[in-house]
Amino acid sequence: MLRYLKIRSPCIIGLILASLFIVCLLHHNLTTELSVRNSVAIIPNKSLESTSLLSSPRELLLLYEQEYSRVESTSFRPTFHNHHLTLKLNLTAIAIEYFDYFKNSSTKTTSALKITCLQSSKNRNNFRSICDIFLTFQIKILNSQKVQLTLLSKNTSCSVLLTNISDLILINVHQTFSIDDIFRFTHQWTNTNNKTELFWRSWPPTTTTCLKSLPCSLTNILTHSTSKELFLTEQNAVSYWLDLQYQVFINQRLSNERKKSVNNRNFVPYEIAKNPRVCSSEFQNWILDYQKWHENIMLNINNGSMTFEEQRNRIIELDVRFLIYEKHTSGLSDRIIHLISTYLVALLTKRLFIFDKNWPEFTEIMQSSLNYDQQLIIPWIEQLDLLNKNLTQNDRKYLTSKTEWFSSNRLLKDYDYDKLFPERILTFKGHTGGVIQTIHSNSSIYRKFLTIDLQMNTNNIFGCLYHSLFTYKLSELINRAPLTSSDLPVGHSSQLILQILLAPIFFPIGVQVRAGDETMNEQNIDQSNPEHIIGKYQNFLACIQQINMINEKLVDKTIRTPIVFLLSDSYEIRRAALKLKPLSLECYRLSEKECQLNYYDLHVLASPNPVFHVSNDTNRVLAFKLGMFDIFLFSLCEQHLISTESSFGRFPAFASLKQRNIYSLGLHELKSCKNDGLPLSAVGYQWSGI
Ligand SMILES: *[C@@H]1O[C@H](CO)[C@@H](O)[C@H](O)[C@H]1NC(C)=O
Ligand SMILES: *[C@@H]1O[C@H](CO)[C@@H](O)[C@H](O)[C@H]1NC(C)=O
Ligand SMILES: *[C@@H]1O[C@H](CO)[C@@H](O)[C@H](O)[C@H]1NC(C)=O
Ligand SMILES: *[C@@H]1O[C@H](CO)[C@@H](O)[C@H](O)[C@H]1NC(C)=O
Ligand SMILES: *[C@@H]1O[C@H](CO)[C@@H](O)[C@H](O)[C@H]1NC(C)=O
Ligand SMILES: *[C@@H]1O[C@H](CO)[C@@H](O)[C@H](O)[C@H]1NC(C)=O
Ligand SMILES: *[C@@H]1O[C@H](CO)[C@@H](O)[C@H](O)[C@H]1NC(C)=O
Ligand SMILES: *[C@@H]1O[C@H](CO)[C@@H](O)[C@H](O)[C@H]1NC(C)=O
Ligand SMILES: *[C@@H]1O[C@H](CO)[C@@H](O)[C@H](O)[C@H]1NC(C)=O
Ligand SMILES: *[C@@H]1O[C@H](CO)[C@@H](O)[C@H](O)[C@H]1NC(C)=O
């Protein structure tokens with residue numbers, strides 16, 4: 001038996017194995033629908049058992065971290081995604097790997113590297129060379145430990161697109177390959193006779209090939225993956241990694257006696273989304289059809305070696321229409337709300353959905369289920385005017401286009417997108433959401449299709465769309481929640497926050513207090529009087545207490561303790577709350593009889609670190625990454641209390657798929673929360689909508 005299954009009570013395991021679904025412990029009358037969760041995702045593959053016997057969950061997590069840092073520092077990383085072959089070279093890593101070689105040839109100032117791509121079909125094992133790539137580098141010996149490489153020139157025997165940014169070289173081979181193709185690579189410094197096979201690390205490690213034996217992911221054979229396959233691989237890897245995190249929590253934080261009574265970890269929203277009772281099978285099939293269509297069209301209009309004219313002919317012939325998503329310059333949540341709204345329009349009107357080309361950090365941390373890379377599909381879009389120049393607007397070949405800006409009128413306006421926008425290439429810009437209006441409005445022409453044909457409603461539509469489009473990558477979770485050796489003096493490490501939110505012994509209420517950009521600056525804070533600071537947000541405190549009182553009748557106090565996961569741009573309020581009312585896990589080390597957290601106390605879980613704003617260039621990328629992590633955590637909460645004048649808490653509450661009413665407060669608004677809160681259909685019209 002798996003070591004980490006041991007602690008699960010036998011009856012629960014029996015239940016999981018016996019049926020596909022388990023009903024969550026909490027029967028909550030605030031929800032119209034019970035959360036019924038799909039438990040398949042966390043039943044580990046049997047082949048893992050042998051590994052887990054060898055290593056503790058903590059050791060396995062450490063293995064993931066080590067493996068990831070090795071992947072990051074690899075010199076050579078090829079990918080074969082969506083029929084396209086790409087090679088990524090890290091010059092810093094090459095300089096380290098071949099240091100001895102460069103040192104020896106210290107008199108030479110240039111050196112050429114020859115990389116040969118060898119192709120075969122899966123079924124036949126006869127590789128043949130399809131491309132030679134020569135890269136000429138300038139070699140500069142900086143000191144006795146370091147050399148620097150600069151790419152001077154390249155020549156290649158096949159057509160490629162080479163991008164050279166800082167220490168990275170990206171080589172895209174201009175050709176589409178079959179999904180049955182496989183590749184190998186050799187390399188050789190041209191002034192030596194030593195031709196060697198290239199090895200690299202595949203990522204994310206699959207639980208079947210990896211973690212069994214190290215170096216587990218080292219390989220020299222490259223196989224094909226579609227975006228959809230990468231998306232599912234990430235989700236499986238993350239689910240397993242979350243299982244380990246939860247196991248570590250149980251092992252480290254709970255007394256032996258308590259360990260016996262804990263259940264499986266909570267499901268995370270993308271796992272909930274797989275349940276057809278949450279996202280209907282009609283909806284899931286609709287998405288699958290669209291994904292297949294998208295993949296097929298992509299392949300048909302760009303085979304990697306088509307001229308623009310050939311591509312244009314194909315687009316007209318197949319009558320392909322495009323919808324390009326462009327992000328807003330403002331906050332992260334505005335961008336995501338507009339993204340999901342645009343995606344919905346693409347689905348409803350069967351337009352080829354294309355992502356913003358100026359948002360690389362998004363694709364770095366999120367894996368999409370669609371291959372929607374603008375550079376790959378319509379790299380010519382920037383020169384559309386030029387390409388249309390010789391044609392009249394009535395010409396069949398003329399590619400019509402339009403850019404539409406959506407403001408707050410989107411929230412209440414019904415659109416007939418096909419009628420309003422006959423253009424072939426549409427670009428949507430904006431900072432607001434129209435998903436709820438599209439499904440909820442009596443006069444929406446899409447309402448019947450969404451609610452009757454697809455069996456969707458205002459509670460699940462946004463979350464189901466969100467989790468069908470992209471998923472958080474394992475690499476980013478590892479970056480954000482590293483294994484920390486010790487607890488922080490004040491507050492909780494991101495790893496601990498994640499673990500606690502996965503544990504069904506708590507009932508987390510996600511509270512988002514948007515205090516204003518000026519509160520982000522850590523220099524301005526007054527830490528001398530935490531009571532005073534907390535006092536400024538008395539309305540939020542009172543509301544939390546009222547919510548707890550309502551929940552008291554519903555939450556089994558002996559099983560789940562209510563806690564508050566506090567999300568705020570204000571560093572000051574999080575520090576103050578952590579000083580006065582921190583969630584302490586000390587008592588969980590004792591037996592249940594000796595200690596139980598007081599139900600009525602406030603137990604605050606929060607990060608003690610400052611946050612940044614995505615529109616501030618100083619920390620733009622980090623701000624985005626921290627923001628997306630906060631959103632992921634916030635979406636793990638059972639219930640939500642958000643700031644009315646912000647989208648940052650609103651959309652993860654929809655994405656959480658808890659399908660519960662939301663509580664919402666203005667910064668200084670005095671409003672009782674002794675009620676059922678607001679249904680999602682109403683919250684979807686607040687602020688910039690959903
Ligand atoms: C479990 O692993 C085996 C190989 O060891 C594989 O054939 C099987 O498909 C895996 N099952 C799942 C559900 O991943
Ligand atoms: C390149 O490799 C170096 C060292 O191996 C590593 O520190 C760096 O992060 C890598 N760069 C990128 C962009 O992955
Ligand atoms: C470096 O040069 C020394 C002496 O010429 C030689 O013995 C050694 O094999 C060389 N090393 C490499 C990596 O070429
Ligand atoms: C690659 O980038 C470096 C530094 O940015 C630049 O000096 C060099 O000319 C570039 N090489 C090519 C082939 O574009
Ligand atoms: C490409 O560069 C390599 C190394 O400099 C050279 O040996 C080869 O002849 C070149 N090939 C072409 C086609 O220029
Ligand atoms: C050839 O290169 C490989 C790896 O780069 C190295 O391990 C090996 O020692 C080299 N062989 C010779 C004869 O230089
Ligand atoms: C790509 O399409 C063009 C135009 O139809 C055709 O000439 C070319 O042979 C195709 N290339 C591949 C690799 O399929
Ligand atoms: C437009 O016509 C001019 C003159 O006939 C020609 O030089 C140019 O290449 C054409 N442009 C396109 C995009 O077809
Ligand atoms: C929309 O339909 C609902 C239910 O049929 C009804 O209660 C509501 O009044 C309608 N709203 C409008 C604006 O017609
Ligand atoms: C941007 O962030 C930096 C560092 O966090 C801070 O010093 C600066 O004041 C911020 N700028 C604005 C306009 O908020």
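When a ligand or atom number is given, it counts from 1 through the structure's own listing order. Quick caveat: nothing in here was measured; it's all calculated off a predicted structure.
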Q: Using a strict cut-off of 4.0 Å, indicate which atoms of ligand 2 neighbour a heavy atom of Asp167.
A: 1 (C), 11 (N)
Q: Could you list the atoms of ligand 2 found under 4.0 angstrom from a heavy atom of Ala93?
A: 2 (O), 5 (O)
Q: Check whether the side chains of Tyr372 and Ser227 place a donor and an acceptor atom closer than 3.5 Å, and report yes or no.
A: no
Q) Quick one: does NZ or CZ of Arg480 land under 6.0 Å from the six-membered ring centre of Phe629, within 45 degrees of the ring axis? A) no
Q. To the nearest 0.1 Å, how far is atom 7 (O) of ligand 7 from its closest protein heavy atom, and which atom is that?
A. Glu310 OE2, 4.1 Å
Q | Protein contact of atom 13 (C) of ligand 7 - nearest heavy atom, named by residue and atom, plus distance | A | Ser305 OG, 4.0 Å
Q: Write out the residue and atom name of the closest protein heavy atom to atom 3 (C) of ligand 7, then the distance separating them to 0.1 Å.
A: Asn303 ND2, 3.6 Å
Q. Which bit of Leu162 is near ligand 4, meaning a heavy atom under 4.0 Å away: side chain, backbone, both or neither?
A. neither
**Q.** Neighbour count above 12 (heavy atom, 6.0 Å) for Asp395 CG
**A.** yes
Q.
List ligand 4 atoms under 4.0 Å from Leu152, heavy atoms only on the residue side.
A. 13 (C)
Q) To which of Val71, Leu168, Asn90, Leu89 does the heavy atom nearest atom 10 (C) of ligand 2 belong? A) Asn90
Q: Kindly confirm or rule out an SG-SG distance below 2.5 Å between Cys158 and Cys117.
A: no
Q: Considering the heavy atoms of Glu72, write down every atom of ligand 2 situated less than 4.0 Å from one of them.
A: 10 (C), 14 (O)
